[in-house]
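Quick note: residue numbers are just sequence positions, from 1.
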Amino acid sequence: MKKLLFILSTVFLPLFLFGQEALESNLINSLLAYDQAAKNSGTEENDPDLQNFTHILQETILKTDLKNLNKFKETIDTLNFVLEKYKSEKGDFILYHLSSPTSYHWSYIINDDRIILQDNRYHQYFTEIHNLNLQEFLLISQMDELVFSCNYATVFRKKKNIYVKKVAFGKKMMLTVCNFTHVEDGKGHYSLPVKRITFDYASKTISYGLCMDLETGEKTVGKSAYINGKFNIKDCDERQGFTKIE
């Protein structure tokens, strides 16, 4: 039996490695073509080089772990791309986020060897995914503009083998937290940190830091546990004042 396993490994392992090398090479070549096109003339979201790379990237993440592709990682480091991977607490959801120097982002959620969510666009991307219960998960995403950033939280529930957004923040499907990240006054220019949404898995509590209503000067701290399928928490938009939950 051991001899048979050894023979099979000597036959199929090289084939597997060759297949992975070909997959990685194809991914790198498509990335280089997209990057060159972006540098030469810029790319729109319907650009063929961008679409080709996106297609090959999607094929690749369903067949292997991007973090294990060393040549691909070396290439994106050289091109100043950034690859991030985030797992949910139970390990059943995997989040991949790839960002380019032009602020285009590829975001994917993998579950049971399939892509269940994706968001590929400029300036907006997935950051974290957390288990809530057997049927639901919490997704946190971020959007960056020139002078402000926003964090978003959304609950997804499994329904007939697909995941759909759930009304989980009062009467809304999404929690929004925004703040200015670049401010100027009479004394000069200031950079401020992004106000992030955080989640504590042990207590199933979502939160964000101190929020100020620009109109009234009122301050509040957003924090709520997930009770009866909902978070009781306000939006926070410091660009125009925070919004009370409905």
Side-chain angles (χ1 to χ4, degrees), residues 2-131 137 139-142 156 158 161-163:
K2 291 183 178 179
K3 185 176 181 181
L4 176 60
L5 291 174
F6 173 76
I7 294 173
L8 290 175
S9 67
T10 59
V11 173
F12 290 106
L13 183 58
L15 291 175
F16 171 78
L17 294 176
F18 175 79
Q20 182 163 302
E21 287 179 0
L23 187 69
E24 183 176 18
S25 178
N26 197 23
L27 179 64
I28 291 172
N29 289 336
S30 65
L31 172 60
L32 292 174
Y34 159 69
D35 182 67
Q36 192 60 50
K39 288 177 179 177
N40 289 341
S41 58
T43 54
E44 300 295 330
E45 294 189 2
N46 61 352
D47 182 88
D49 290 302
L50 173 56
Q51 291 185 343
N52 184 52
F53 171 65
T54 299
H55 174 71
I56 295 173
L57 179 65
Q58 291 172 354
E59 286 187 339
T60 305
I61 62 176
L62 291 176
K63 295 178 181 178
T64 189
D65 186 343
L66 293 180
K67 287 287 189 177
N68 292 334
L69 301 179
N70 292 326
K71 291 181 180 179
F72 176 66
K73 289 195 297 181
E74 291 173 2
T75 302
I76 63 175
D77 287 345
T78 301
L79 298 177
N80 294 317
F81 283 62
V82 177
L83 174 64
E84 297 174 304
K85 178 183 176 182
Y86 195 101
K87 279 188 175 183
S88 65
E89 289 78 7
K90 295 183 182 299
D92 49 347
F93 296 99
I94 299 175
L95 184 160
Y96 284 110
H97 167 224
L98 178 68
S99 60
S100 78
T102 62
S103 296
Y104 191 85
H105 300 269
W106 295 263
S107 298
Y108 299 97
I109 302 295
I110 313 298
N111 174 255
D112 290 335
D113 297 321
R114 63 189 181 100
I115 298 172
I116 60 169
L117 286 177
Q118 59 180 294
D119 189 14
N120 303 328
R121 61 170 125 175
Y122 285 101
H123 305 296
Q124 189 159 322
Y125 48 95
F126 300 159
T127 59
E128 297 180 17
I129 187 166
H130 300 279
N131 295 109
F137 67 82
L139 177 65
I140 300 175
S141 58
Q142 184 166 320
F156 286 84
K158 192 172 186 179
N161 208 35
I162 63 171
Y163 286 89

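The main-chain N or O of Asn68 is never found under 3.5 Å from a side-chain atom of Lys73 such that the two would form a donor-acceptor pair. Under a 3.5 Å cut-off, the side chain of Gln142 and the backbone N or O of Thr127 do not form any donor-acceptor pair. With hydrogens and angles disregarded, no donor-acceptor distance shorter than 3.5 Å links the side chain of Asn80 to the backbone of Pro101. In this structure, the side chain of Asp49 does not engage the main chain of Ala37 through any donor-acceptor pair within 3.5 Å. Asn29 places a side-chain N or O within donor-acceptor distance of the main-chain N or O of Ser25, the cut-off being under 3.5 Å.
Side-chain atoms of Gln51 and His55, non-hydrogen and from C-beta on, never get closer than 4.5 Å to each other. Using a 4.5 Å heavy-atom threshold, the side chains of Leu95 and Leu139 count as touching. Counting heavy atoms from C-beta outward, Leu50 and Tyr104 have side chains that approach closer than 4.5 Å. His105 places none of its side-chain heavy atoms less than 4.5 Å from the side chain of Gln124. Within the 4.5 Å cutoff, the side chain of Leu27 has no heavy atoms near those of the Leu31 side chain. Looking at Ile94 and Ile109, their side chains never come closer than 4.5 Å, going by heavy atoms from C-beta outward.
Counting all heavy atoms, side chain and backbone alike, Ser107 lies closest to Phe126 at OG-N, 3.0 Å. Across all non-hydrogen atoms, the minimal contact from Asn161 to Arg114 is O-NH2, 2.8 Å. Here the closest heavy-atom approach between residue Glu24 and residue Lys71 is recorded as OE2-N, 2.9 Å. Considering every non-hydrogen atom in both Ile61 and Gln58, the closest pair reads CG1-O, 3.3 Å.
A donor and an acceptor atom, one from each side chain of Asn131 and Ser88, are located under 3.5 Å apart.
Taking CD of Glu128 as the start and CD of Glu84 as the end, the distance is 10.0 Å to the nearest 0.5 Å. Note that OG1 of Thr102 is 4.5 Å distant from OH of Tyr122, once rounded to the nearest 0.5 Å. To the nearest 0.5 Å, the span separating CD1 on Ile115 from CD on Glu59 amounts to 9.5 Å. Note: Lys67 NZ to Phe72 CZ = 10.0 Å, rounded to the nearest 0.5 Å. Residue Ile116 holds its CD1 atom at 4.5 Å from CG of Asn111, rounded to the nearest 0.5 Å.
For the ring-ring contact (aromatic ring centres under 6.0 Å, His included) test with Trp106, the passing option among Tyr96, Phe53, Tyr125 is Phe53; the others fail. For the side-chain contact (heavy atoms from CB on, under 4.5 Å) with Leu83, the qualifying choice from Leu66, Leu69, Asp77 is Leu66, the only one to do so. Tested against Phe93, the residues Tyr86, Tyr108, Tyr163 include a single ring-ring contact (aromatic ring centres under 6.0 Å, His included) partner, Tyr163.
Listed by chain and residue number, nothing satisfies the salt bridge (charged side-chain N to carboxylate O under 4.0 Å, His left out) test with Asp92 (two or more places apart in sequence, or in another chain).
In this structure, Lys85 places its NZ atom where more than 12 heavy-atom neighbours from other residues, nucleotides or ligands lie under 6.0 Å away. Residue Asp113 qualifies as open at atom CG: its count of foreign heavy atoms under 6.0 Å is 12 or below.
Between Asp35 and Lys39, at least one side-chain N (NZ, or NE/NH1/NH2) sits under 4.0 Å from a carboxylate O, which counts as a salt bridge.
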